[in-house]
Visitor: 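Input: one structure, supplied below.
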Amino acid sequence: MTINIKKKYINVGLIGYGTVGKGVLKILEKNKKIVLRKIGKPINIKSICDLRPIDKPELYVKNFRNIIRDPEIDLVVELIGGYEPARTIIIESLKAGKNVVTANKAVLARYWDQIFTVAQDCQRSIYYEASVGGVIPVIQGLSEGLASDEIFEIKGILNGTTNFILSEMTRHSISYDSALKSAQAAGFAEADPSFDVNGIDSANKLAILSSLAWGSWIKVKNISIKGIEDLDVEDILITKNFRYDIKLIGCAQKTKHGIDLSVQPCLVNHNHAFATVENEYNAVMITGKDSGDVLFYGKGAGQQPAASAVVSDIINLSKFIVTNTAGIVPDVIYDKKKKIKIIAPGKSRASYYLRFTVVDKPGVLAKISGILGRFKISVTSLLQQDTSNRDCVKIIIITHETYRENIEKALKQIDATRSIVKSKTVKFKIEI
Ligand code: HSE
């Protein structure tokens, strides 16, 4: 093994000088001594590429290929986000012999196959800790800490913005729209927060964790996704009575029918650790055969948490660059031929919270429970909300575990009974 003792610095090319990129520079400057102690060589930011000129003209390059083609650059840090040119930057960098750090969950989830095949072929490393869970070292935890174990389940609050919105709705009993405005004012939600609130961001992160855990490419299209945009604060208030909070949960579970993958707002029992995860914090619970439940917790959104994870990746990868060993043993075991069975839609099993809005007259409850019974759905608890409005009542039912297809068929039939149903029935999976 050749130790690169001649190397004075680890030369880094940074592509994307937005919030996280600026945070990376701040941390590298502030923690210079820590970085030096850990690698034995300083990190030198040699070039920065961005669409517009930056406040460091001496480092600025306009074309990212000037970084990729620079023979002195050891490590390319991609922080532009999105699919293109991020994918091109990563692929061309690996092919040019660079190692790569990225925080880009979208590009990893969509091009996992291509990125890790090229990385293996070129014997280069790509680190991506900041792509999932902000500062939480869950990628390292899964690929190194739990390397020996067979993973059964990954469950998590994977999006800081939505968790902030749900915390605000729960705390202040306010509508989704008002809570979204608070999240934007606090700097957590983007001006266009679509990918956060529609669940795609969480699904990208779940796809990454699952692909890593099961050594194959788990695609976003295999995940059943529902966001929080339609969430009514009324359900948050009602579920409190049953000692539940509503959280956006990503869940990947090995079952006898295949891997069951979903992102959806779920009921979480007040006794569970996830119920204490508030605001921009994320949490991931990984369950392994020998390890049992392992819980990761920390800030999932914000400049400093993300930048801190990127700098940790730079440090960890630089240790291998210094010894010329980066990428010799692949970081991600990716076997193209390994086929993973995904559960058929509908075969997923869970307990459900159902809120019916129905007319208040004799026989309505019997009608609902009759249809549920026909689809073999058993009731655990039932509550009819006391209301002065005699035309319309809310009936809340918590079910035993059942197949998703049974719930869907039963609700379709109930909602089609126009003589009793006033508005579409609301359902949530009970996660924990
Ligand atoms: N938009 C993400 C979130 C942060 O709110 O969690 C980066 O992944």
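Every heavy atom of this structure was used, including side-chain atoms; hydrogens, water molecules and symmetry mates were not. All ligand and atom numbering here is 1-based and tracks the order in the structure.
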Visitor: State, yes or no, whether a side-chain contact exists between T287 and I151 at a heavy-atom distance under 4.5 Å.
Guide: no

Visitor: Which atoms of ligand 1 have any heavy atom of K105 under 4.0 Å away?
Guide: 7 (C), 8 (O)

Visitor: Measure from NZ or CZ of K289 to the centre of the six-membered ring of F152 and say whether it is under 6.0 Å with the direction within 45° of the ring axis.
Guide: no

Visitor: Show which atoms of ligand 1 fall inside a sub-4.0 Å distance from at least one heavy-atom site of G300.
Guide: 4 (C), 6 (O)

Visitor: Backbone, side chain, both or neither: what part of E280 comes under 4.0 angstrom of ligand 1, heavy atoms only?
Guide: neither

Visitor: I want to check something: taking the side chain as every heavy atom from C-beta on, are K56 and L25 in contact at a cut-off of under 4.5 Å?
Guide: yes

Visitor: Determine yes or no for a side-chain-to-main-chain donor-acceptor pair under 3.5 angstrom, with D70 supplying the side chain and E72 the backbone.
Guide: yes

Visitor: Using only atom types and a distance under 3.5 Å, with no angle test, would you say the side chain of K98 pairs donor to acceptor with the backbone of I73?
Guide: yes

Visitor: Provide, to 0.1 Å, the distance between atom 1 (N) of ligand 1 and the closest protein heavy atom, together with that atom's residue and name.
Guide: D196 OD1, 2.9 Å

Visitor: Considering the heavy atoms of G160, write down every atom of ligand 1 situated less than 4.0 Å from one of them.
Guide: 3 (C), 5 (O), 6 (O)

Visitor: Is there a polar contact, in the sense of an N or O pair closer than 3.5 Å, between T161 and ligand 1?
Guide: yes

